[in-house]
Structure formats: structure tokens, C-alpha cells
Amino acid sequence: MSIAALELDLDVFSGPFDLLLTLILREEIDLRELALADVVLAYLDHLERRGELDLETATEFIVLVAALLELKSRLLLSGEEQELLEIEPEQAAEELLARMLDARRYRAAAGHLAQLFAGEHGVRFRLVPPPPSLRRAIVHQADGSAGGGRDANQLGEAIGRLLLLPPTISLRHIAMHRVSVAERLAHLRRLLRRGSFSFDEAVRDADRMTVAVTLFALLDLYKRGEVDWEQPESFGEIAIHPSAHQLAPTALARGAAHAEAIAG
Amino acid sequence: MSELAQVNAEAPATPHAAQPPSAQHEAQLPAAEHEAEQEVPALARTVEALLFLSSEPLGAGELAEATQAGEGAVRAALAVLAEQYAPGRRGITLRELGGGWTLASDPSTEDAARRLFSRPRAATLSPAQAETLAIVAYLQPVSRPEITRIRGVSADSAAATLLDRGLIEEAGHSQFGAVLYRTTTQFLKLFGLRDLDQLPDIARWDPTPEEQAELRERLLRAGEARGGAGAADS
Amino acid sequence: MSELAQVNAEAPATPHAAQPPSAQHEAQLPAAEHEAEQEVPALARTVEALLFLSSEPLGAGELAEATQAGEGAVRAALAVLAEQYAPGRRGITLRELGGGWTLASDPSTEDAARRLFSRPRAATLSPAQAETLAIVAYLQPVSRPEITRIRGVSADSAAATLLDRGLIEEAGHSQFGAVLYRTTTQFLKLFGLRDLDQLPDIARWDPTPEEQAELRERLLRAGEARGGAGAADS
């Protein structure tokens, strides 16, 4: 499956991933409103369901999400970087309050409109074009002064607009490192042969793209049952061990001691 | 008037059946001699509304079904309306046409109607209307689903307005049953074109002139690439 | 006149069926006491015909131009018609809507109309559609991202439906290229509005100062809680 067809069901959008990108580019979806984490979670769910990792789509996905993340951070920080970073809880609350009040107003106005609409129930209008005799008259008189020449160039312009292909997402602002998943897989396996290690060790001095691809390689190894990994706390160290049941199917206990035992 | 007389004859129970209806004659009488008709009976009111809304003549059977009244009662209601809408009394007349009844404007008002409809209404086209008209002009005949695919959003309302203004018209059906549109003579006149060959060459506005494919194909491809907001909506 | 009464009895139970058929009552009055309305003045007849023919509301100016009469005379003719088409008198009513006058069916005839045309007058309005419509009505021209920002959730599908139903239309592009929307005459027609000024001031729905204070308090507490959690994370 191409990553383009990944079905998303998010707060601000539901539909395929490629449509989401298009809408963001056309500014019909505000990137600032989009929780990118939800997009990533949707992709992980999708991986879970499929039960296998297609490395090509995975790479494509990482690149696109990274691009979106960077775009979004630029949007959020543009112009007022300092202020945004130092926003006080009071300010944030005021801003939120203004938004909530706006939403409430229009929800109430919507109620009013719904009432008006219901009040007009049963009122129908005649939607019948004028009889042909009168329409012929229109044509007849149209070439006179009454017609008013319209500019046919208007039509050419419209076609020009419609021929316009949307820009493809520009990734030029991202340094494109060619990091292959195969290479990172080999790297991880090399480390595994020596026993447990931390993710930080595995990606020491690497750039962000390499870190991301290494994480994918790690996911792949996990799927294949070659590694176990754990992260005791959020943003903490990720400890990676050779898969326990590869060595000893009954050895379920994991942890540093166990890992050391194996390493020893 | 002979049809109307027949209506009455077929509905003997109405008070009008006894008097020969001759609105023409009555119009010459002082108002005091008319039956008081300001309050139209409920069934006649309903029949009046149905005739007003329908673009096609309605038969007594159809009217009876819709109003859930007897056909005799419907004919009586029609007789009441025939009297009220007798020629020369109002701007609208009730006519029997093609086995049914229909409301039509009185011929005496035709000059004013012609002036009304020949007025260039809303001098400018909305962007949606201009796009829809351009697609029809360059690709005709073209179906509504195709227009929607190219524009990425529904063109129904724009197409209806263009139809209303006599700039496009229906041109049969596609093999899949969708209505096809083409431009009208009115369109050519309004845009000062002798014929369709005089439509401006789009090369001037073509953003990717190097593309070789046929215009229709390119428009459809671009429309779909733009993402068919329609896809998200459906 | 008893036959007429019977006609009424056969009609479906519209709200008007309850009233005694007044034709009977009126017949007892000397006809001279009625306003003499059978003879509609020529100008009113013509205006009536134009209103009948046009699917869009017509303004006094347009009517004056088409009838080649003065605007004052047209307004007088409209007053005559307004009397004749006063609600409840006929199956058709004269309404001032969407910046002009238009004829519409009387709501009491809706059941029969639905049976005849076998479709409801208009689909219902979902809450999302109503909210989107309210935002467009008050803020027009307004872009889809703005609508989304205010609603907090996507308005794409609601906006597409409203476009489809002709309640909103495109109104050019914002400086960032997003399509702008505005409401249509169709919106005014379907919501019984003469013009947009008839919408109540949006400030009418502002929460009371107490409610605002309470909201602010709640937000502040939530903000502090989040701020604390963030500090712990970093």
C-alpha cells in the first residue's frame, strides 16, 4: 500500500493521507490545528494491523511527517518566537477564552438560523424557467445593446486556473540524507551480537534522519522477534536486548541484571 | 373557454355549474355583481399552490391524489380557480393544456417579461460560474460529474444559474445517463463570438504548455491532483 | 353555497379547514361591501406575472424598469398584490425576501406538495451545517480555515453540502489562496429573510459577565495544571 492511501480519522480531518497533504498545502486545513502525533499513531495502528513493515512506505512516511513537523514548528514560531515560548498561563487562558466565546456565539446563532429555517417549513418557491417564447426573446435581444459583451478571455483564464497542478510537497528545506534501513539494520545487529545496549549508544553522533531510520530498523527487528526493548519512563533511556526467547524461551524476566547475565 | 365549460359540466355539484361561466362577460359587470371570492376554499388554495409550483400541467387525477380529495371536488376547485384566473382578470391565467391544468402569465404582460429577462442580470460571473461555463465551453458536451471532477467541488448550483441565464443548455445524456451540457446561442452573443472556434486559445493561460495530452484529460488529471475536496466530503 | 362547504370538508385537514368556509358567510353580505378587487389594476397584473415568471426575488427597481412604470406606482401595485396574497387567503403568498418580492406557496399546502413532488421541500439542516452557515452569514466573506478555527472541527463536509444546496457560494480567494464563502439569495429565501440586516446582532449571544468569569477561572486552573505538568516533564 502506498502511504498516500493511509486512512486517517482525526479531529480536524478524515480521509486519506495524501488528501490531508493537499488540503494543508491549499491552506484549507490549518497545520497548527493538526495533531501530528495522531497521524503517527494512526500509522502505527495501521502497521499493527498489517503485521509487517514495508520499509519503503515507512521511509516515505517518516520523511513526510518530518516535513510537516518542521513546517508546523515554523508556523507556530514565526515572527513571535520569544513571546510564544514565554506565554503566561493567563495569556493562554485569555486566548482560549476568546475562542470559546466565539464558538459559543456562533453556536447560538446557528440555533437561531435553525429556528428560522424550521419556521419556513412548507414554503416552496416556483423554480420553472421562463417559457421558451420569452427565452427566445432573450436570445433575440442579446446581441443588441442590452446584451453587454462579456470578455471571452475570462473563460481562458478560468481554464488556465483549472489546468494548474498543485505543487508537490517541497522537501528542499530538509537535508536529504540517504540513510538506508538495511544499513541501520546491519548496525543494530552488530551491536546486538555484543549484547544489550541503549538506543542512545546506537545513534551516538547521528543526525535526525539517521535516528529516525534507526528507530524504524529497531521496530523491524522487534517485529522479527530479534530484540526486546524497554523504556522505563517517557523520554528516558531505551534499553535494547537481544530477544530473550531467541536464546532461552523460558527466560521471561527482563531487566538489567538479566541482560548483564546474557552479556556475561 | 370551452374547456372550462366542460370542467363545470363534469362537476355538476359545484355552484358554478348552473351559471355558465363567462369571465369575459363578467369582467364588464360592476364588481358588486361578482360572487365574493376573496376567501378561496382550502382545496382550491391547495390546488392553486400545486399548479403554481409545478412546471408541467397537472391532471385532475394527479391533483386528487396529491390533495387526497375526490376528483369531483378537485374539478370543483379548478372551476373556482378558473373563475379567479379568468383571462384578463389577473396577470396569471389558468389554462388547460395537454390534458392538465397549468398557470401561465397573461399574454398582455409579455412585453414587460421580455424586458425583464433581456436585462443583463448580474453583470459578472462568480468564480464558480466562470469556471463551470469555461469547462462547458471548451469541452462540450460535458456532463455534470465531469465538471465536478475537474473543479473538485460540486458545480450544481453554478450550473443551475448558467442554465437559468440561458448560457448553457442540456444536450442529451451521456452513456451513463448523466445530463450533458453545451453552450447556447445566447452564450455566443453575450461573449461576442461568431462560433465556438472563436473561443480564445488557452495557450496564453496554460501554466504547463509543454503538456501534450488532450485538454479534457489534462483538466481531469489536474482536478484530481488538486485533491478533489469532493473525495473528502463524500 | 353548501356544496362549497362540502369541498372544504373533503380537503385534507389543513389548518384552514377548521375555519368555517367564509364564502358562505360572505355570500350573505352585500357584495358591495367588499373591496372591489376582482379587477386588478393593469400594472399590478403585470407585476404579478413577472413575479410568477421569475425564480429570483425581484426588487422594486427591476420591476419598474421592466414595466416602464415609476417605482412609486410599482410599490402601490405591490401593495395591492400583498393584500390579495395575504397569508391564509390563497394557496400562494407574496413575500418580501432576498432583497425583493417573490411568490411562494402557502405552508398549509405542504402536505399535498410533498405528495405531488414526492420529495421533501428541503433536507433538514444538521447542527454542523447550521453552525457553518451562521459563521458564513455573520463573517462573510470568510474562508474555510477560519470557519474551522471558530468551530474547532473541520467544516469541509458541511461547507460542501451548503454549496451543493446553494445556500453559500464562493466569493473569491483570500490573500493566502483559500476559497472565501458568502451566503446566497437562496439562503435568504429559504430562511425567510429580507436581507442580512435582519439577522440579530451577534453580541446578543454573548455570555453574561458571570459566565465569562467562571469560564476564565476554569481555563486558568486548567492552564496552571498543564503548566505544572510541563515543568515536570522538562
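Labels below follow one simple rule: chain letters A, B, ... track the order of the sequence lines, proteins then strands, and each chain is numbered from 1.
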Q. Is it the side chain or the backbone of C:L103 that comes within 4.5 Å of chain B heavy atoms, both, or neither?
A. both

Q) CD of B:E56: more than 12 outside heavy atoms within 6.0 angstrom? A) no

Q.
Counting only non-hydrogen atoms closer than 4.5 Å, does B:L51 touch chain C with its backbone (N, CA, C, O), its side chain (CB onward), both, or neither?
A. neither

Q. Heavy-atom distance under 4.5 Å to chain B: side chain of C:A86, backbone, both or neither?
A. neither

Q) Short question: side chain of B:R149, backbone of B:L219 - any donor-acceptor pair under 3.5 Å? A) no

Q) Measuring heavy-atom distances to chain B, does C:S55 have an atom under 4.5 Å in its side chain, in its backbone, in both, or in neither? A) side chain

Q) Does C:Q198 reach the main-chain N or O of C:R194 with its side chain, forming a donor-acceptor pair under 3.5 Å? A) yes

Q. Hey, which of B:S108, B:A49, B:A104, B:G91 has the most heavy atom pairs under 4.5 Å with chain C?
A. B:G91

(Q) Salt bridge check, B:R90 against B:D106: does any charged N sit closer than 4.0 Å to a carboxylate O? (A) no

(Q) Closer than 3.5 angstrom, by distance alone: can the side chain of B:E131 be matched with the main-chain N or O of B:A128 as a donor-acceptor pair? (A) no

Q | Segment of B:S54 engaging chain C (4.5 angstrom heavy-atom cut-off) | A | both

